Protein chains: 2
Amino acid sequence: MPGRPGPRRTLSAEVITDAALGLLDDGGAEALSMRRIAAAAGVAPNALYTYFPDKAAVLRAVVDRLVGRHANPALTGDAPWRDRVRAMAVAVRAGLLAHPGAAAMIMSAPLDGPEALRFGELLLDALAEAGVTGPDAARASYAVMVYLLGAIALEAADQGADPGARRAAAAAIPAEHFPRTAASAAVIATYNTVEQYLWGLDRLVDGLVR
Amino acid sequence: MPGRPGPRRTLSAEVITDAALGLLDDGGAEALSMRRIAAAAGVAPNALYTYFPDKAAVLRAVVDRLVGRHANPALTGDAPWRDRVRAMAVAVRAGLLAHPGAAAMIMSAPLDGPEALRFGELLLDALAEAGVTGPDAARASYAVMVYLLGAIALEAADQGADPGARRAAAAAIPAEHFPRTAASAAVIATYNTVEQYLWGLDRLVDGLVR
DNA sequence: ACCTGAACACCGTTCAAGT
DNA sequence: ACCTGAACACCGTTCAAGT
């Protein structure tokens, strides 16, 4: 009876997450359907429900893996704490912007997977080195995560927009109604985005360790 | 020939956005399908495509309205700049958390609508009052937006998670592997979320105007 | 326990019409 | 120009089986 199943143990949460990550690399976030993930894993769509309760759970696993893969290596090592944090910020930004749509996924699922846990711990290590401990440390590390992930998600959203339309919108800002915004738009165009991103991070860290 | 159309001018981008906002209030973000929005507006699904190129454009219009409605009134007035910024932060948080899913939408579309433009201008006004002008003002206002929207989106994502599972995950943090995280989780549970949110905002603003 | 086929109740978007 | 019915190519998820 060929094609007829039975307990085959071909599948696992790991295999499913791998398949999803592969699809994300190739086709972006909108390629991440349960049916396509299942097909990539060589299995019927509903087989995924043995390992995950629903699609959101699969996405959470993918997000956790992405965060761990890009953030955690940069935070490990014995460089000074500020260098580690900056290196992590650059790595996680590059890693997430590489997959279109990954940044938006990060903001729509809670960061509670095992890799995210390690991420938080490494960030707390760095802050402790900076002299931030006790109750403030928890709030400070959360603020850093918020800034990083928010900045990456907003940049990805902007990136996804039609560049022509974006330029037109920037040029069409009526300076008589929005004088400061019009001036800002001209200024912002001269910076690159990593520079802005790190500038904001440094200001936040300044406020946190002051 | 009853039910047969012709140019009726019953529809407009405004009417569509209103219908979408109504659905968002009632049913959350997953109620926002083109077919349901059309039904709420009393029209066939494809009629929406006369006014918006695709679903993403409709969502952008919704997001712009939400931001404008909640952020801009609080930034208008003659209170000291820091009070205006804090009041705006509280208002936009409450306004977005009130619609489940609205926060995630904000992070997945560029903030380039008319209301968002006004939002940016009002924020730049406040920062100018704080003495932040020139090239730094643009980067500073962007950093503030990133923090606010990122914090709200992450809080909404956490809120959306199953509370039982969340508590279980927090309690299950192995202190021998993640000592600082385990200690933090205990601390964080004693704060309310608005307090944490404003604490981070204040630290960022400290770094920006220092 | 693990996987399947088949089905249910949806989607966004397009196309060729009608007025 | 503005709206329609009908269709296309999908979705996530559930259910009753099979091994």
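Being a predicted model, the structure only gives us computed values, none of them experimental. Within every chain, numbering begins at 1; the chains are lettered A, B, ... in the order of the sequence lines, protein sequences first and strands thereafter.
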Exercise for the section: Output all residues satisfying salt bridge (charged side-chain N to carboxylate O under 4.0 Å, His left out) with A:R118, sequence neighbours left out; order by chain, then residue number. Expected result: none
Practice task
Taking the side chain as every heavy atom from C-beta outward, state whether A:V92 and A:M88 have any atom pair closer than 4.5 Å.
Solution key: yes
Problem - Span that lies between the C1' atom of C:dC11 and that of D:dC8, in whole angstrom - result: 12 Å
Handout entry: Closest listed nucleotide, where the reference is the side chain of B:A44 and the choices are D:dT4, C:dC3, D:dC3
Key = D:dT4
Handout entry: Set of side chain to side chain contact (heavy atoms under 4.5 Å, CB included) partners for B:T17, sequence neighbours left out
Key = B:F52, B:A61, B:V62, B:R65
Fill in the blank from the handout: With sequence neighbours left out, the residues meeting side chain to side chain donor-acceptor pair (under 3.5 Å) with A:R86 are A:D202
Completion exercise
Contacts of A:A89 meeting side chain to side chain contact (heavy atoms under 4.5 Å, CB included) (sequence neighbours excluded), chain-then-number -> A:L148, A:Y197, A:L198, A:L201
Exercise for the section: Would you please name every residue forming a side chain to side chain contact (heavy atoms under 4.5 Å, CB included) with A:D136, sequence neighbours left out? Expected result: A:V132, A:R139, B:W199
Practice task
Please list, chain by chain and in numerical order, all residues satisfying salt bridge (charged side-chain N to carboxylate O under 4.0 Å, His left out) with A:E155, sequence neighbours excluded.
Solution key: A:R93
Completion exercise
Among C:dT4, D:dC2, D:dT4, the one nearest any side-chain atom of A:V43 is C:dT4
Atom pairs under 3.5 Å: protein N/O with N/O of nucleotides 9-13 of chain D:
residue	atom	partner	partner atom	Å
D:dC11	OP1	A:S33	OG	3.2
D:dC11	OP1	A:R36	NE	2.9
D:dG12	OP1	A:M34	N	3.0
D:dG12	OP1	A:K55	NZ	3.1
D:dG12	OP2	A:M34	N	2.9
D:dG12	OP2	A:R35	N	3.3
D:dG12	N7	A:R35	NH1	2.6
D:dG12	O6	A:R35	NH1	2.8
D:dT13	OP2	A:Y49	OH	2.7
D:dT13	OP2	A:K55	N	2.9
D:dT13	O5'	A:Y49	OH	3.2

Problem - DNA chain D base-pair string [pairs: Watson-Crick or G-U under 3.5 Å; |: paired with another strand] - result: ||.|||||...|||||.||
Fill in the blank from the handout: B:F52 atom CZ is separated from D:dC2 atom C1', nearest whole Å, by 16 Å
Exercise for the section: Identify, with sequence neighbours excluded, every residue that meets side chain to side chain contact (heavy atoms under 4.5 Å, CB included) alongside B:A91. Expected result: B:A74
Practice task
For nucleotides C:dA9 and D:dC10, find the distance between their C1' atoms and express it as a whole number of Å.
Solution key: 13 Å
